[in-house]
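Before any comments, here is the structure.
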Amino acid sequence: MIVEVEHLDPVEIDELRERVEAEGGRTRLSADRRRLLALGVGPSAFDNGRPLVTREVATSHKLSAFPRGGVTRPVRWGFGVEVGGRRLAVIAGPCSVEGRSMFAETAFSVRAAGAVALRGGAFKPRTSPYAFQGLEDEALEILAETRARLCMPVVTEVLDPRQVELVAEHADVLQIGARSMQNFPLLSAVGDLGRPVLLKRGLCATIEEWLLAAEYIMARGNEDVVLCERGLRTYLNQTRNTLDIAAIPLVRSQTHLPVVVDPSHAAGRADLVGPLARAAVAAGADGLMVEVHPRPGEALSDGDQSLEPGAFRCLMRDLRPLAELRAGTVGRRDGTTSHG
Ligand code: PEP
Ligand code: MN
């Protein structure tokens, strides 16, 4: 259960934790010190004849729910980058790291265009076992080198709980892919590690399932979770997935976790990436994750949806007025502008 402790002083919070732990429970205090998660005990653990405890939080996603009157809590990714703050955070790079020079070439171009973080897959979750699976350890080395050279945080997917530490040695942010959103041992492993996590929404996941996946990470003490909407599988077949635009204001009203949108995997085709990206920012997204490849026709994965560097530059230019509008609304819970 979760209790709100925002009105308690640190000594009272410590007393409460001792009491719960004496009853065999485990406790975890939220980063903003407003909520206490108590695992393995019932309400009686809080009773003790003293009016310390205010109220149990009733939502199913307890740690990620808004504290009362709350706003988005920015998550820091290193190198001064934060997601969920005033600046729209654009993460860009190829679907897969295909080699040292192509990754560097992409990284320099997206940085020049205004991206604040790099993406690139090392371990790829491919539908076919015969498709390119990523350069694995070699890609991790390339990510780490480029990260140091450009002083930019790097995001990459981790597929296996046994690889969490290795990936974290080379990257700043661990991506949990759509196919892994309900891999609970993996969620717990990245929760234990305490590194920022980018949590993609599952292919058919409801918002509640998505927030509960975040809860798995947060219940292990890691609150640095950023959600990523990447489109859902539907019966529509002219796009790879269907971008759930409504999910953006919905999650913003239900959680303090920042939300970014991946228009590339939603669209599956480069010509729709720009319009979907603009729609996402207009709907309140805190950032975007965009696939960019120097020569999409030669890409080893997801070439059809990858932007050329020039198209990415144009997208960044087109986003500027929307990013400015968004900056004026940061801090408001519903993301509305003064025009409603
Ligand atoms: C990716 O970002 O390269 C990826 C595989 O995305 P998703 O898990 O959303 O399919
Ligand atoms: Mn991809």
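We count ligands from 1, going down the list as the structure has it; atoms in each ligand are counted the same way.
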Margin query: Taking the side chain as everything from C-beta on, heavy atoms only, tell me whether V90 gets closer than 4.5 Å to F312.
Written below: yes
What protein heavy atom sits nearest [atom], and how far off is it?
atom	result
atom 4 (C) of ligand 1	H265 NE2, 3.5 Å
atom 6 (O) of ligand 1	K200 NZ, 2.9 Å
atom 9 (O) of ligand 1	R230 NE, 2.6 Å

Next item on the list: Mark the output for E291 as yes if a heavy-atom distance to ligand 1 is under 4.0 Å, and as no if none is.
Entry: yes
Next item on the list: Identify the residue among R76, R195, R147 that makes a side-chain hydrogen bond (donor to acceptor under 3.5 Å, both in side chains) with D172.
Entry: R147
Note to self: Rounded at 0.5 Å granularity, tell me how far CZ in R220 sits from CD in E215.
What the structure shows: 13.0 Å
Notebook entry, point to check: From L257 CG over to C228 SG, what is the distance, rounded to the nearest 0.5 angstrom?
Noted result: 13.0 Å
Next item on the list: Give the total of protein N/O/S atoms at a distance below 2.8 Å from the Mn ion (ligand 2).
Entry: 4
Next item on the list: Check ligand 1 against R119 and write out every atom of the ligand that is under 4.0 Å from a heavy-atom position of the residue.
Entry: 1 (C), 2 (O), 3 (O)
Next item on the list: Can you sort out which atoms of ligand 1 are near G177, meaning under 4.0 Å from one of its heavy atoms?
Entry: 8 (O)
Is there a polar contact between ligand 1 and [X], counting only N or O atoms under 3.5 Å apart?
X	result
K124	yes
E157	no
D302	no
A178	yes

Checklist line | Residue pairs involving residues 157-167 (criterion side-chain hydrogen bond (donor to acceptor under 3.5 Å, both in side chains); sequence neighbours excluded) | finding: D160-R162
Notebook entry, point to check: Are E21 and T27 close enough that a side-chain donor and a side-chain acceptor fall under 3.5 Å?
Noted result: yes
Note to self: Hydrogens and angles aside, do D302 and H265 bring a side-chain donor and acceptor to less than 3.5 Å of each other?
What the structure shows: yes
Check: Donor-acceptor pair, R278 side chain versus A282 backbone, under 3.5 Å?
Finding: no
Basic-acidic side-chain contact under 4.0 Å: [X], [Y]:
X	Y	value
R295	E105	yes
R100	E138	no
R201	D244	yes

